[in-house]
Every structure is written in C-alpha cells, then in structure tokens.
2 protein chains.
Amino acid sequence: MAPSQRVEQMNKELRKGHFLAEKDRFCAYCVVRGTSFCGMVPNEDMAQLSSQSRPLTLDRRRTLFHQGDETQSIYVVTSGTLRLYQMLADGRRQVVGFAIPGDLLGFPLADHNDYSADALDSVYLCQFPRQEFMQFLNQRAHLLGALLTVTHDELNRTREQLALISQKNAERKMAQFLLSFRGRQMRMDEEISVLPVRIPQADIADFLGLTIETVNRMLARFTREKIIAITDTGVELLNLIRLHMLAEA
Amino acid sequence: MAPSQRVEQMNKELRKGHFLAEKDRFCAYCVVRGTSFCGMVPNEDMAQLSSQSRPLTLDRRRTLFHQGDETQSIYVVTSGTLRLYQMLADGRRQVVGFAIPGDLLGFPLADHNDYSADALDSVYLCQFPRQEFMQFLNQRAHLLGALLTVTHDELNRTREQLALISQKNAERKMAQFLLSFRGRQMRMDEEISVLPVRIPQADIADFLGLTIETVNRMLARFTREKIIAITDTGVELLNLIRLHMLAEA
DNA sequence: CGGACGCTTTGATCGAGATCATTGGCATTC
DNA sequence: GAATGCCAATGATCTCGATCAAAGCGTCCG
C-alpha cells in the first residue's frame with residue numbers, strides 16, 4: 001500500500017477511535033515510523049512511547065502553537081503540512097520551514113517555542129506532553145542521541161535554506177525550493193512528482209525572501225514553459241531536468 | 001582580571017607548555033569555562049575531560065578542517081576567531097558563522113564536517129579526539145543534554161542569520177550584523193564596545209549575502225557618520241543607539 | 001629596491017526585483 | 001445575492017545593490 005493510502009486509512013481509523021483503544025499498537029503501525037524521530041525508537045520502547053501519545057487534528061489555518069509560548073507539548077506530524085515562521089522585529093515574517101509527515105515539532109529542552117506553527121491543510125499529529133516526553137528521554141540515553149540527530153538534521157536544513165535565500169536570482173531560488181521540497185517529500189514516497197500541498201504564494205515568498213509578485217511571476221513562467229503544472233491538489237513537476245538546470249546554472 | 005587579559009596570560013603559559021604538564025587543572029582554569037559547552041560539564045567530570053584535551057595553535061589563514069572531511073576531532077575555541085563556511089554548488093561561498101572563544105566546533109555524531117573552518121587571526125583551541133569524546137558523552141547522559149543545548153543554540157543562531165540575510169536593506173543588514181556580533185562577544189566580556197577582530201570585508205560580504213563593494217560602502221558610511229570607527233585592532237561601535245535604530249527601523 | 005599580491009576604496013552604469021496599482025476569481029457569510 | 005475577504009495574476013515604474021572598472025595602499029619577498 002502506498003504511504004498516502006496508508007495515511008488515509010489510518011486517519012479514517014483515527015477518526016473512528018480505533019487506535020485510542022489499542023494504544024500499544026498505535027506507534028508500531030504508524031505511517032511515519034521510519035521517517036521520523038519515532039523511527040529511531042527501538043521496538044521495546046514503543047509501548048511506552050505509544051502510551052504517552054495522543055492523536056490530534058488541526059484544521060486548515062489553525063495555529064498549533066505560537067512563537068514564545070511555553071513549550072507544553074512535542075508533536076510528530078503524521079499527515080498534512082504546517083508552516084513554521086517567526087515574526088521579526090520590523091514586522092516581517094520569516095517562514096523558517098514547512099513541516100511534513102514525519103517531522104518533529106517543538107524542542108523539549110527549550111522552555112519556549114522558537115517559532116509559530118500553523119496548518120496549511122488538515123493536519124494530523126501525535127501529541128506528547130513535554131514533561132513526560134523528557135522523562136522518557138532521560139531514562140534512555142540513546143533516545144537523547146536520536147533527538148540530537150534530529151536537531152542536527154534540522155540545523156543542516158536551516159543551513160540549506162540559508163544558502164537558498166542568499167541566492168540573488170529569483171528563478172534559481174524558486175527552482176531550488178521546488179526541488180528541495182520534493183527531496184523532503186521523497187522521504188515518504190520515492191516516486192513523487194506532485195508536491196501534494198497548495199502552499200500559499202505568500203508563504204513561499206516569506207520563505208524565499210521574495211515578494212508575492214515575484215513568486216507569482218516565477219511560477220507563471222515555469223508553468224508557461226511547461227516545467228511545472230499547478231493543479232488544485234498541488235504542484236506537479238513536469239520537467240525535473242530543466243528544473244535542475246535552472247537550480248544550478 | 002579581565003577575560004582578555006586572562007586569555008593573554010593563558011596563551012603565554014600555553015606557549016610555554018605549562019598546561020601540558022598539569023592537564024587536570026587545564027579545563028578548570030580555562031577562560032572559556034562558563035561560556036561554552038565545557039561550562040556545562042560538572043566539576044567531577046573535569047579531570048577526565050582535561051585528560052582528553054590537547055592544546056592546539058592555528059595561525060592566521062590556516063584551515064582547521066574542510067567541509068566534507070571525516071570528523072576526527074572536536075574543538076573548543078579558547079582564543080581568536082575563525083570563519084565557518086560552505087562552498088555552494090554554483091561556486092559561491094556562504095559564510096555560515098564566525099567562531100569565537102567558547103564555541104564548540106565539529107559535531108561528534110556526524111561522520112563528516114558540515115562546513116570548513118579557518119583562522120582569521122591566531123587561534124588557540126582545545127582538541128578532543130572524536131572517538132574518546134563520544135565515549136565520554138555516552139557515559140554521561142547529562143552531557144548529551146549539554147551537547148543538545150549547544151546544538152539547539154546553534155540552530156537558533158542560524159535562524160537568526162536567516163532573518164538577517166533575508167533583509168533586503170544593506171544598511172540594516174550591516175547594523176544587525178555588528179550588533180549581533182557584539183552580542184556574541186559579550187558572552188565573554190560584558191563591557192565590550194570594540195569588536196576585537198578584523199574580519200576581511202569579503203567574509204562579511206559572504207556572510208550577509210552582499211558584495212564586497214556594498215559592504216565597504218556601508219562601513220564607509222557608518223564611519224563617516226561616526227557610528228563606528230575602524231582601527232587596526234577591530235571595529236569600535238561609537239553610537240549603539242543609532243546602530244539599533246538602523247537595525248530595526 | 002621593485003613588483004606582485006591581498007585587501008580596500010571609489011566612481012559609473014545597469015538591471016532584477018521591489019513597489020504600486022488594478023483586476024478577477026472563488027469561497028464564505030449574513 | 002450582495003458583500004467581504006483571500007489569493008492569484010499582471011502591468012508600469014522605480015530603486016537599490018550588483019556589476020564593471022580602476023586605482024590606492026600596505027607588506028611580503030626575491
């Protein structure tokens with residue numbers, strides 16, 4: 001079964017409450033097992049991890065948590081996409097990333113959230129109360145190592161974004177963005193050529209440090225040149241070779 | 001004694017080899033104790049940490065390690081400044097940060113270095129062989145937590161840089177850069193108003209995503225307006241209020 | 001000494017993307 | 001079904017920093 005189907009099925013069951021009754025099996029059967037922090041948790045710890053988690057649904061445009069608020073929970077995204085952003089002193093908004101299934105949200109050792117997170121579509125998450133999560137971590141040193149790895153990955157991703165945003169060429173920025181976003185999605189589904197989210201152009205703009213007009217013009221140009229196609233389910237990458245050329249040239 | 005004096009004295013003794021003979025005392029008396037990862041190491045672990053460390057000197061313009069090379073050692077900077085950078089696919093160079101006394105260089109859980117590091121002036125470091133350092137860490141879960149905190153700090157600093165570089169106004173970029181660099185230096189010395197390094201303008205340019213010409217013109221303007229003064233020891237911040245205004249307006 | 005090199009400085013011109021302005025579609029709400 | 005708001009699309013103009021060019025300056029070294 002393809003991951004996306006599995007997600008759908010799991011979400012159905014989630015809504016029916018199946019998993020709530022069988023908590024131990026919850027994590028073991030999770031779709032994002034193997035792509036996230038949870039994937040680094042050995043099987044013998046699964047039951048305990050499951051018992052702490054609570055499924056959570058978040059509607060489009062709802063906020064999961066705000067920058068600066070006290071860190072009360074840690075989350076793992078199981079389905080959907082969120083935008084992560086910081087408000088800057090001058091009123092600008094910097095989108096620091098997009099969270100997709102498998103991503104860990106919230107850093108248990110920090111007292112306050114580093115960024116805000118809100119849903120771009122319907123989002124399903126596993127929620128872990130911070131205190132219990134931390135206890136769980138501290139009991140098992142190898143899990144601290146797993147968290148360290150995840151944090152380091154995020155550091156590297158942020159450095160990648162830095163390289164992206166420091167580009168002066170809007171076309172290249174856009175091409176690199178599409179490719180790197182695809183790269184992240186491929187973690188779940190290797191064959192992907194449609195990016196399954198409609199990210200508002202304003203969010204892409206705030207991610208890339210461009211204006212909405214420039215983002216729009218670039219997407220229009222790519223569409224005109226048949227490099228991408230924008231559908232109501234997301235963006236389809238039609239010509240990966242050209243996209244790579246634009247990204248690197 | 002002011003930190004800078006202590007550094008000087010320690011460096012003198014280092015050169016004479018004093019500390020090599022008394023390894024256990026090395027870390028306990030270290031100037032960057034309390035400002036770095038080492039500061040989170042409890043006293044009872046100090047002796048062992050000391051016994052693993054090896055002092056190291058690096059001349060101006062020398063490279064400590066290259067991006068992509070195998071991670072063989074972890075370093076703590078005790079004196080001097082290094083530039084950390086990545087070479088990008090298109091040949092550009094992205095400076096991802098400047099390491100100052102107290103900073104930890106090299107991530108023990110990664111097999112390869114994420115960036116290159118070279119000295120901007122004479123640099124003194126403590127070197128820890130990676131394998132031993134990792135063993136040391138794994139024996140003490142609380143030290144993993146310390147490393148996690150340091151890594152998270154670096155993540156936040158990188159996000160700050162992201163916000164900085166996404167600014168479109170060169171003047172504001174420069175002002176924010178000077179202030180944030182000062183902020184980092186203050187970790188060691190609260191009273192600082194002279195940034196004690198002569199960072200080549202080309203490095204500032206590659207840090208901020210500007211050209212050397214623009215960097216130069218901004219520095220010239222700030223100097224003309226008596227906001228800063230450039231001496232042969234570094235940059236003196238003459239008018240912090242104006243600098244803050246420029247950074248935020 | 002001379003000259004080559006690394007780094008800084010300054011001027012002139014150009015162009016990509018910001019900014020400003022307007023329109024249109026589509027969904028939500030009363 | 002009119003009103004409101006959100007988002008996308010596109011044209012006209014402007015601006016700031018990139019780019020191109022050249023010169024200055026200290027220092028290292030044969």
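First the proteins, then the strands, lettered A, B, ... as listed; each starts at 1. The shown structure was predicted, so the numbers you read here are calculated from the model rather than taken from an experiment.
- B/Gln67 and B/Asn113 are not linked by any side-chain donor-acceptor pair at a separation below 3.5 angstrom, with hydrogens and angles left out of the test.
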Using a 3.5 Å cut-off and no angle test, enumerate the donor-acceptor pairs between side-chain atoms of residues 241-249 of chain A and protein atoms at least two apart in sequence or in another chain.
residue, atom, partner, partner atom, Å
A/Arg242, NH2, A/Glu225, OE1, 3.4
A/His244, ND1, A/Leu240, O, 3.2

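- Defined by atom type and a distance below 3.5 Å, a donor-acceptor pair is missing between the side-chain atoms of A/Arg130 and A/Gln72.
- Phosphate contact (OP1/OP2 of C/dG17, side-chain N/O of B/Lys168, threshold under 4.0 Å): absent.
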Under 4.0 Å protein heavy-atom contacts per nucleotide of nucleotides 22-30 of chain C, with B for base, S for backbone only and - for none: ---------
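- Among residues two or more places apart in sequence or in another chain, the side chain to side chain contact (heavy atoms under 4.5 Å, CB included) test is passed with A/Arg224 by A/Ala220, A/Arg221.
- Computed from C1' positions of five pairs at each end, the angle between the two local axes of the helix from C/dC1-D/dG30 to C/dC30-D/dG1 equals 30°, rounded to 10 degrees.
- Atom P of nucleotide C/dG17 and atom CE of A/Met174 are separated by 11 Å, given to the nearest angstrom.
- Applying the ring-ring contact (aromatic ring centres under 6.0 Å, His included) test to pairs two or more places apart or on separate chains, those with a residue in residues 205-237 of chain B are B/Phe98-B/Phe207, B/Phe177-B/Phe207.
- For the segment residues 212-232 of chain A, the set of residues with a heavy atom within less than 4.0 Å of an atom of DNA chain C comprises A/Glu213, A/Thr214, A/Arg217, in numerical order.
- Residues satisfying the salt bridge (Lys or Arg N to Asp or Glu O under 4.0 Å) criterion with B/Glu160, sequence neighbours excluded, are absent altogether.
- B/Asp118 pairs with exactly one of B/His66, B/Arg83, B/Arg61 by the side-chain hydrogen bond (donor to acceptor under 3.5 Å, both in side chains) rule, that one being B/Arg83.
- A salt bridge does not link B/Asp121 with B/Arg198: none of the charged nitrogens is closer than 4.0 Å to a carboxylate oxygen.
- Using cut-offs of 30° and 60° on the angle between ring planes, the pair A/Tyr115 and A/Phe65 is tilted.
- Boundaries of the chain A contact region on DNA chain D are D/dC6 to D/dA18, first to last in 5' to 3' order (nucleotide atom under 4.0 Å from a heavy atom).
- Between the NZ atom of A/Lys173 and the C1' atom of C/dG17 there is a distance of 10 Å, given to the nearest Å.
- Between B/Ser53 and B/Phe128 the shortest heavy-atom distance is CB-CE2, 3.4 Å.
- Note that CG of A/Leu64 and OH of A/Tyr75 are 4.5 Å apart. Values are rounded to the nearest 0.5 Å.
- Partners of A/Arg92 according to the salt bridge (Lys or Arg N to Asp or Glu O under 4.0 Å) rule, which considers only residues two or more places apart in sequence or in another chain, are A/Asp90.
- The CG atom of A/Leu208 sits 13.5 Å away from the CZ atom of A/Arg172 when rounded to the nearest 0.5 Å.
- Here B/Arg93 pairs with B/Asp203, B/Asp206 under the salt bridge (Lys or Arg N to Asp or Glu O under 4.0 Å) rule; sequence neighbours left out.
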Less than 3.5 Å apart, which donor and acceptor atoms pair up between the side chains of residues 227-235 of chain B and the rest of the protein, not counting sequence neighbours?
residue, atom, partner, partner atom, Å
B/Thr231, OG1, B/Thr233, N, 3.2
B/Thr231, OG1, B/Thr233, OG1, 2.9
B/Thr231, OG1, B/Gly234, N, 3.4
B/Thr231, OG1, B/Gly234, O, 3.2

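- B/Ile199 has its CD1 atom 14 Å from the P atom of C/dC7, to the nearest Å.
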Every protein N/O within reach of nucleotides 3-6 of chain C N/O, cut-off under 3.5 Å:
residue, atom, partner, partner atom, Å
C/dG6, O3', B/Arg61, NH1, 3.4

